[in-house]
Every structure is written in C-alpha cells, then in structure tokens.
Asker: 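Before we start, here is the structure in question, set down as structure tokens.
These numbers were taken from a predicted model, which means no experiment stands behind them.
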Amino acid sequence: MKRLISMLAICSILLIAGAGNVFAKGFPDVPEENRFYDEIMYLANEGIISGYPSGRFAPGEKVTRAAAAIMLGRVLGYDDTQRETVFPDVPKDSKASGYIQQAYENKIISGYPNGTFRPDNYVTRGEMAIFIARAYELTEEEVVPFSDVSINMSAFSAIRKIIDFGVTTGYPDGTFKPDLDLTREQFSGLLARAESDDFRLPVNICGFDADSRVNPDMQTMNCLLTKAAEESELLVPPEIVKAVASVENGGWKHFDANGEPIISDDGGIGLMQITNTAGYDVERLKYDLYYNIQTGIEFLAANFNRGDLPKINEHDPADLESWYFAIMAYNGTVPANSPFYQESGDVNTNAYQEKVYMHLNDFGDVTANIREIPMVSADFEYDRDSSDPIKFLKKSYEMDDSLLTPSTQLLNAGDKVTYEGSGLRSIPSTKGTLTPVTSNDVLSIIGEPVYDTQSASVNQFIWYPVQMSNGKKGYIASPYIVKK
C-alpha cells in the first residue's frame, strides 16, 4: 500500500495541544497497561502527538472532526495557514481551517449534504475509516461481513479497506460499530497502525485462519481462489482457477478429517494437486492452503506463456477460451487429453480441459465458446498406446472475436457495466430483495467483490456491489455482467 509521507520526516508535528510538549517519557494517565500504550508512545516520540499543558493525554476524551482534520493534515504535511473554506461553519480564523480546506481539496474529507462540516461533531469509526482509506489511497478490500455495515453506508468500502490494511478489526459480536465515537487513544491507535508496519494487525485473508488445518466453507474457498487469482502477476481469470480446482479436487477440499493434506495416488498435494514441487516449499504446499492455490496459479500462468502450445486469437488472458491449451497442460499434453478421438474425430469430452469447462458452466454459470475454436482432429498427432505428448500441428486459431468470453471476475471499483440478470439484490444472494434493472441501465462498481451469504453454496460466481445512476445500491452476480 502506498504511504503518502514518512513519519520519520516529520520531527516537529504536534497533535492538538498548542503548547507543544512531547512526552517521550510517557503520560501519567496512559499506563503501560493501556491497550494503545505503544501506539501512543510511538506517535509522541515521533513528535506527532502531545498532551495538554498539565501533562495529561486524556486518552478517553473524544476527538472532534476539526481535531481529526488537524491530525491528518499534519501527518500529510499540509500547510497550517488559516484560510477561507468552502464550509460556512468553518471560518478563516478557525485553527483547523487550513487543514480542513486542503483535506477537502484533496478529497480526503467532505461535508454533510447541507454543505456544513460540523467541526465540533465527534469523529466516528466509520468516518475515520473513510479518512484513512482516502489519505493512504487504499484500494484493496478484505471481506468481513459485519452485521451492522450495509452497502448503503458511505463507509462501506472504506471499512473493508482499513480491515485489509491491518488498521482495525471488528468486535467479537460480529459488529464494526461504525457510529461509535472515537477517543484520543483509539484515534492514536488507528493512526499509528496506518503509518507503521510495526503496529499493523494480522489480517486473515477472506477471514480464514491459515493455521487451522480445517477446510474453509465453500464461499470462503471461493474468496481465497478469487483473491489469489487477482494477485497473480499474469492476469488469470478466477473462473478458470476455480474450475481447475474443482476438477483437481472435487468439493474444494485441501485437508482430510485429521487436518492432514489430501495427497493423491500420484503424489498430488492438496487442493490444486501439486505434483511438480521442484523449487517450492513442500511443507507449505501441504499445510498452507493459500500458498498451494498460488502455486497452482503459477503453473497455469506458465502454461499460458508456453511457446509450444497453440494460441487463440490475440492470446488475451482475459478471454476464457484463450486458456484451453494452458488448462490441458496443467494435467498434461498427453493422448488422453486430445480434444478429439483420433479414430472417429469426435470431441473427447473426457479430456481434462473439457471437464474444466464443463465445471465452469455447471457451477460458475459461464459457458465459454470452446466449440467455436476452429480446430479439427487432424491438428493433433499422437499415439494412444504411447506416453509421448501430443504434437500440435497447428499453433494458432482464429475465432470470431464476438464469440470470446471475457472474465467478469476481474472488475474494479469505478468500472461501468450493464447487467443481464434479474436485477440488483439487497444482499449478495438470490434470496435478497430484487430491484429490477434493464440492459440499458449503466451501473457503477463501487467496491471489490463479495461472496454469497449462504456459506455452503456451491456457486463459484461472485457478487459485485454496484450503484445505479439514481443512487440505488445493490449486488449483481458476475456471470451476467457486461463491461462497458
């Protein structure tokens, strides 16, 4: 994640108190037992915060929006010169005016619908999430289904971003409490974590405990497979990764009932059934599910770049059909995986890659047009009684561009799309309340994907949070999205 300015470069910044005393030795009202002691002392020793003239820090005192603007402005190196602002309730002579106006101009803070800033209002957890997400230009989000965080909240995406950044977590009861006012100690904790890796909280990808040695539920696995594909150096459609995982290990299982990795008869390890372990950490392949997924994706990507395999059209990795031969190679370019039976010329529906595309259709609701690839049985030479690989006599195929199927699981916030499904759902599930849309309605993606609320669902598609032009928000399923 991008840091806007190094704390070490700021040697004379003070938080709120005008006197400017830095209490490197500590504050009398912040004992070492305070859960934010280390964060408060870090900021104090860096000259970022100070206490009051009495020497106290007042950790339980609430933070106003004006004070928050001052803190963030000093961290970001803003000019403290007082000036006119766009807010009628923030006059030029306000101590925070310069910070507030510059933060507004940089789109870090905003006012209320009536045009006011309400500088004396207290800052909530939801508002601080927005401030930090914007200030640090966070883009990645973590999926945490808080019961009190809805898509209709302005902080919806920002909360997911600061969770991913390791700045905060939710509460044990499954809530985030976005409307809870922040105290000075809490604010200091969030600020220190945003600035320093030393204070970041551990983040479980998709909420999965990597040390549990227990198979995640289906939708958590859906999330893990999607995330790993998104992070791949080469663009690899999550749809392809999930379908391969389905054929390799039906039921998306990595561990057996004893918490040991599932090992196939030919030595394939775990979910992605990794057999070629040269250069990889075998123990991690066995016990680190995410590493196992990442390794499988690396093999798929390497196959896609092989020069000896046929290519389709422009060999665009975003097109699902382009992966036909890379998928074949994941299992082996052996006679059993020939696209056709040599004797009859019939399609070999038992070939590995054919099974992968069938799974894609059955569980991802996506039908790739592999039958439109203009290949014939004569393009493949092999001896069915030999273990020698197939010889590919034709190295490129051209199909009608309009028949290519682009991935719809690699969209980003801000993308404009139309939708061919039934309409927007109130929750990421077909059980959500429906708001009809037409194929002419342009929708805006407003965050990273989420996963079906029914954790046991075998569906491999994902849901995107979107907003209509009229402001209505909801979720749409990836198979029916058309990118503008």
Side-chain angles (χ1 to χ4, degrees), residues 4-5 7 9-23 27 29 36 39-40 43-44 46-137 153-155 158 162 167 178-192 194-195:
L4 301 182
I5 187 168
M7 282 289 191
I10 308 173
C11 59
S12 61
I13 295 175
L14 303 175
L15 180 58
I16 297 179
N21 295 320
V22 176
F23 292 81
F27 302 99
D29 55 348
F36 297 109
E39 289 91 338
I40 291 171
L43 295 178
E46 291 298 330
I48 306 307
I49 65 173
S50 68
Y52 289 94
S54 65
R56 296 174 61 254
F57 182 72
E61 185 176 294
K62 294 181 180 180
V63 179
T64 65
R65 284 169 57 84
I70 292 174
M71 299 180 213
L72 285 169
R74 288 172 172 170
V75 167
L76 301 176
Y78 288 175
D79 183 356
D80 64 355
T81 303
Q82 293 171 309
R83 56 178 169 143
E84 299 290 344
T85 76
V86 298
F87 303 108
D89 56 346
V90 182
K92 180 179 179 179
D93 61 2
S94 166
K95 179 182 178 180
S97 62
Y99 293 116
I100 290 173
Q101 182 60 23
Q102 191 165 351
Y104 168 79
E105 291 171 356
N106 291 339
K107 299 182 179 180
I108 291 174
I109 63 175
S110 58
Y112 290 86
N114 67 355
T116 61
F117 182 73
R118 302 179 192 175
D120 296 326
N121 279 17
Y122 296 129
V123 173
T124 66
R125 280 169 57 85
E127 289 174 328
M128 187 55 178
I130 294 173
F131 296 161
I132 290 178
R134 291 174 179 171
Y136 290 85
E137 298 182 2
M153 292 180 176
S154 58
I162 67 167
V167 170
D179 297 324
L180 184 68
D181 295 334
L182 283 173
T183 62
R184 281 166 57 85
E185 63 179 0
Q186 293 167 339
F187 196 101
S188 298
L190 297 177
L191 189 59
E195 265 301 305

Asker: Please tell me if the side chains of Y112 and N121 come closer than 4.5 Å, counting only heavy atoms from C-beta onward.
Answerer: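 Yes, their side chains come closer than 4.5 Å.
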Asker: For F117, check ring-ring contact (aromatic ring centres under 6.0 Å, His included) against everything at least two apart and list the hits.
Answerer: F87
Asker: Where do A69 and Y99 come nearest, in terms of heavy atoms and distance?
Answerer: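 Looking at all heavy atoms of both residues, the shortest contact is O-CB, 3.6 Å.
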Asker: L43 and S188: which non-hydrogen atoms are nearest, and at how many Å?
Answerer: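 L43 and S188 have their closest heavy atoms at CD1-O, 3.5 Å.
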Asker: Show your working on side-chain contact (heavy atoms from CB on, under 4.5 Å) between I40 and F27 and close with a plain yes or no.
Answerer: CA-CA 9 Å; I40 291 171; F27 302 99; 3.7 Å; yes
Asker: Mind running side-chain contact (heavy atoms from CB on, under 4.5 Å) on I162 and L190 for me, showing each step along the way?
Answerer: CA-CA 9 Å; I162 67 167; L190 297 177; 5.5 Å; no
Asker: So, taking the atom named CD in Q102 and the one named CG in L76, what distance separates them when rounded to the nearest 0.5 Å?
Answerer: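 Q102 CD to L76 CG: 8.5 Å, rounded to 0.5 Å.
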Asker: Is any side-chain heavy atom of V63 closer than 4.5 Å to one of Y122?
Answerer: no
Asker: First locate atom CG of N114, then atom CG of D89, and finally report the distance between them rounded to the nearest 0.5 Å.
Answerer: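 The CG atom of D89 is 8.0 Å from CG of N114, to the nearest 0.5 Å.
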Asker: State the CG-CD distance between D93 and E84, to the nearest 0.5 angstrom.
Answerer: 9.0 Å
Asker: Considering only heavy atoms from C-beta outward, does the side chain of T64 approach that of P119 to under 4.5 Å?
Answerer: no
Asker: If you take all heavy atoms of P88 and G115, which pair is closest and at what distance?
Answerer: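 That closest heavy-atom pairing would be CD-O, 3.3 Å.
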Asker: Could you work out, with salt bridge (Lys or Arg N to Asp or Glu O under 4.0 Å) as the rule, every residue matching D29, not counting sequence neighbours?
Answerer: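 Expected list: R56.
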Asker: Taking all non-hydrogen atoms of both residues, which atom of K92 and which atom of S97 are closest, and how far apart?
Answerer: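 Scanning both residues completely, I find the closest heavy atoms to be O-OG, 2.9 Å.
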Asker: Listed by chain and number, what are the side-chain hydrogen bond (donor to acceptor under 3.5 Å, both in side chains) partners of R125, not counting sequence neighbours?
Answerer: none
Asker: Nearest 0.5 Å please: distance from the CD1 atom of I108 over to the CD1 atom of I130.
Answerer: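 The CD1 atom of I108 sits 12.5 Å away from the CD1 atom of I130.
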Asker: Quick check: closest heavy atoms across F57 and Y52, and the distance to 0.1 Å?
Answerer: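 The answer is O-CE1, 3.9 Å.
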Asker: Atom CG in L191, atom CG in L72: separation rounded to 0.5 Å?
Answerer: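 Rounded to the nearest 0.5 Å, the CG-CG separation comes out at 6.5 Å.
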Asker: Can you tell me which residue pairs pass the salt bridge (charged side-chain N to carboxylate O under 4.0 Å, His left out) test with a partner in residues 106-119, sequence neighbours excluded?
Answerer: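 Every candidate salt bridge (charged side-chain N to carboxylate O under 4.0 Å, His left out) pair involving residues 106-119 fails, so no pair, neighbours aside, qualifies.
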Asker: Looking at side-chain heavy atoms only, is the closest gap between M71 and F131 below 4.5 Å?
Answerer: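 Not in contact.
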Asker: Name all residues meeting the salt bridge (Lys or Arg N to Asp or Glu O under 4.0 Å) criterion together with D179; count only those two or more places apart in sequence or in a different chain, and write none if there are none.
Answerer: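 Listed in chain order: nothing, the list is empty.
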Asker: Among D79, V86, T81, find the residue that satisfies the side chain to side chain contact (heavy atoms under 4.5 Å, CB included) test when tested with Q101.
Answerer: V86
Asker: Run the side-chain hydrogen bond (donor to acceptor under 3.5 Å, both in side chains) test against N106 and tell me which residues pass, sequence neighbours left out.
Answerer: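 Partners of N106 under the side-chain hydrogen bond (donor to acceptor under 3.5 Å, both in side chains) test: Y78.
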Asker: At their closest point, which heavy atom of D181 faces which heavy atom of K62, and how far apart are they?
Answerer: OD2-NZ, 3.3 Å
Asker: How many angstroms lie between CG in L180 and OG1 in T124, if you round to the nearest 0.5 Å?
Answerer: 8.5 Å
